[in-house]
Amino acid sequence: MKKILLLLCVGFLLATSSKTSAQEVQEAKKQVSKESETVEFKYSASTALDYLSSDELNGRDTGSEEIDEAASYIEKAFVSFGVQPYFETYRDSFKLKEVDGFNVVGVLKSSKTNANLKPLVIGAHYDHIGIIESVEGDSIANGANDNASGTVAVLELAKFLADQDLGRDVIFALFSAEEKGLVGSRHLAEKMKAQDVVPYVVFNIEMLGVQMKDKEYRAYVSGYKTSNLAEVFNSYYEVEDQFLGFLPQAAEYGLFKRSDNYPFFEVFNVPAQTICTFDFTNYEYYHHVNDEFEELDVDAYLKLIEDLKPGVLQLINSEENTVKLN
């Protein structure tokens, strides 16, 4: 209602501009803008997934105006959850040739003071490949599964963990320029190293929007044999089927080195892996204009994230660094 009244005021001022200075009109406009910014941000996982993969964001290419809008959305979500900026602001900026890129990085601080417990990094890339060759008149590579699904999974975990008593700090990193060669994640890894911040585990998330079929596990983990992450994570669940498993094709195609976990592994030599459900048979729209919200199994996706939450919380609250490199 306030916004409507202010807009009416602006209209009146413009209509009577002969009696009103240009400065007064500008001040009224600024007040409308200020009021707009204070409108309550409404978040849900499904609406976030829909928005981040919408045509409005033109495929979220690094350096585009639309990826700036995606970053602003992520920032608003962090603010609404109570996640603080990890640096002075949420944005961790870097240069990619002549392009300005930025990760979006937040943190939840532990109230405990065990210096031996290093921070856990939960990450996903929020960029995609933008505008590509047209297919039946559509040229927007929306990137719903790749990787709006991973981005929203990070947001959902942030929202959940903000209400928990955490045993260690948790850093939430949404990476840009993954599609350009893991540029954003390497930048953040090197920046953290320069600040002497060594992560305990990097829990990266890619393409969870379509579920696996005929498998004995819910998702696979890249670099399965590099650490005992899957074994430790699976121990948190009292079920016969594993939560995280080994996908042979992930090793065959070298997926461990192809996502944002890898720069952290190289820079820190710590457990840094990606969880994923895309298995090369269950989704045909990788880097395709049809990678859209409507193609995802949203209910199964939301159930998977819900089931991830208690395991991630136990990973955070382990009083020892139980996940180790093999």
Tell me whether [X] is salt-bridged to [Y], with the criterion being a basic N under 4.0 Å from an acidic carboxylate O.
X      : Y      : answer
Arg186 : Asp260 : no
Lys303 : Asp307 : yes
Glu69  : Arg60  : no
Asp169 : Lys109 : yes

Assess, by modelled atom type and distance only, whether the side chains of [X] and [Y] contain a donor and an acceptor separated by less than 3.5 Å.
X      : Y      : result
Tyr90  : Asn103 : no
His128 : Glu178 : no
Arg91  : Ser72  : yes
Asp92  : His187 : yes
Gln273 : Ser222 : no
Asp55  : Asn142 : yes

Determine whether a donor-acceptor pair (N or O, by modelled atom type, separation under 3.5 Å) exists between the side chain of [X] and the backbone of [Y].
X      : Y      : answer
Ser93  : Phe102 : no
Ser227 : Leu325 : no
Ser53  : Glu292 : no
Asn282 : Gln211 : yes
Asn145 : Gly209 : yes
Asp291 : Asp146 : yes

Using every non-hydrogen atom in the two residues, find where [X] and [Y] come nearest and quote the distance to one decimal.
X      : Y      : answer
Val210 : Leu296 : CG2-CD2, 4.1 Å
Met207 : Asn147 : N-OD1, 2.9 Å
Asp61  : Lys180 : OD1-NZ, 3.1 Å
Ala219 : Thr277 : CB-CG2, 3.9 Å
Thr151 : Ala124 : N-CB, 3.8 Å
Gly63  : Val99  : CA-CG1, 3.4 Å

- prompt: Is there a side chain to side chain contact (heavy atoms under 4.5 Å, CB included) between Tyr301 and Ser46 once you walk through the steps?
  reply: CA-CA 10 Å; Tyr301 163 75; Ser46 58; over 6 Å; no

Please tell me if the side chains of [X] and [Y] come closer than 4.5 Å, counting only heavy atoms from C-beta onward.
X      : Y      : value
Ile122 : Val312 : yes
Val105 : Ile171 : yes
His125 : Leu174 : no
Ile140 : Ile131 : yes
Tyr283 : Glu295 : yes
Asp165 : Lys112 : yes
Val197 : Pro119 : yes
Ile67  : Ser176 : yes

Verdict with reasoning, Glu133 to Val289, per side chain to side chain contact (heavy atoms under 4.5 Å, CB included): CA-CA 9 Å; Glu133 185 177 349; Val289 297; over 6 Å; no

Return the [atom1] to [atom2] distance between [X] and [Y], rounded to the nearest 0.5 Å.
X      : Y      : atom1 : atom2 : value
Lys159 : Phe78  : NZ    : CZ    : 13.5 Å
Thr226 : Tyr224 : OG1   : OH    : 11.0 Å
Lys257 : Phe265 : NZ    : CZ    : 9.0 Å
Asp279 : Tyr220 : CG    : OH    : 7.0 Å
Lys309 : Leu157 : NZ    : CG    : 7.0 Å
Ile305 : Leu208 : CD1   : CG    : 6.5 Å

- prompt: Of Thr322, Leu315, Asn321, which meets side-chain contact (heavy atoms from CB on, under 4.5 Å) against Ser318?
  reply: Thr322

- prompt: With under 30° as parallel and over 60° as perpendicular, where do the rings of Tyr285 and His288 fit, or are they tilted in between?
  reply: tilted

task: Return the orientation label for the Tyr236 and Phe233 ring planes: parallel under 30°, perpendicular over 60°, tilted otherwise.
output: perpendicular

task: Determine, using the 4.5 Å side-chain heavy-atom cutoff (strictly less than), whether Val270 and Tyr86 are members of one ILVMFWY cluster.
output: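 Yes, same cluster.
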
- prompt: Can Ile316 be reached from Val198 by stepping across I, L, V, M, F, W or Y side chains whose heavy atoms are under 4.5 Å apart?
  reply: no

- prompt: Checking ring-ring contact (aromatic ring centres under 6.0 Å, His included) against Phe81, which of Phe172, Phe160, Tyr43 comes through?
  reply: Tyr43

With a 6.0 Å cut-off (strictly less than), is the heavy-atom count around [atom1] of [X], excluding the residue itself, greater than 12?
X      : atom1 : answer
Glu319 : CD    : no
Lys95  : NZ    : yes
Lys191 : NZ    : yes
Glu294 : CD    : yes
Glu252 : CD    : yes

field: Within the 6.0 Å centroid threshold, strictly below: Tyr217 and Phe243
entry: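 Not close enough - the centres of the two rings lie 6.0 Å or further apart.
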
- prompt: How about Phe293 and Tyr51: are their ring centres within less than 6.0 Å of each other?
  reply: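 Phe293 vs Tyr51: aromatic centres not under 6.0 Å.
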
task: Mind running side chain to side chain contact (heavy atoms under 4.5 Å, CB included) on Phe87 and Leu188 for me, showing each step along the way?
output: CA-CA 11 Å; Phe87 300 110; Leu188 181 59; 3.8 Å; yes

- prompt: Leu49 and Leu52: side chain to side chain contact (heavy atoms under 4.5 Å, CB included), yes or no, with the steps?
  reply: CA-CA 5 Å; Leu49 184 62; Leu52 290 172; over 6 Å; no

Test log, rule side-chain hydrogen bond (donor to acceptor under 3.5 Å, both in side chains), inputs Asn204 and Ser259: CA-CA 8 Å; Asn204 194 53; Ser259 193; 3.0 Å; yes

query: Could Arg168 and Tyr200 be counted as a cation-pi pair, given that NZ or CZ must be under 6.0 Å from the ring centre and within 45° of the axis?
result: yes

message: Phe256 vs Tyr262, test: ring pair (Phe, Tyr, Trp, His ring centres under 6.0 Å). Steps then yes/no.
response: CA-CA 6 Å; Phe256 177 63; Tyr262 190 64; 5.6 Å; yes

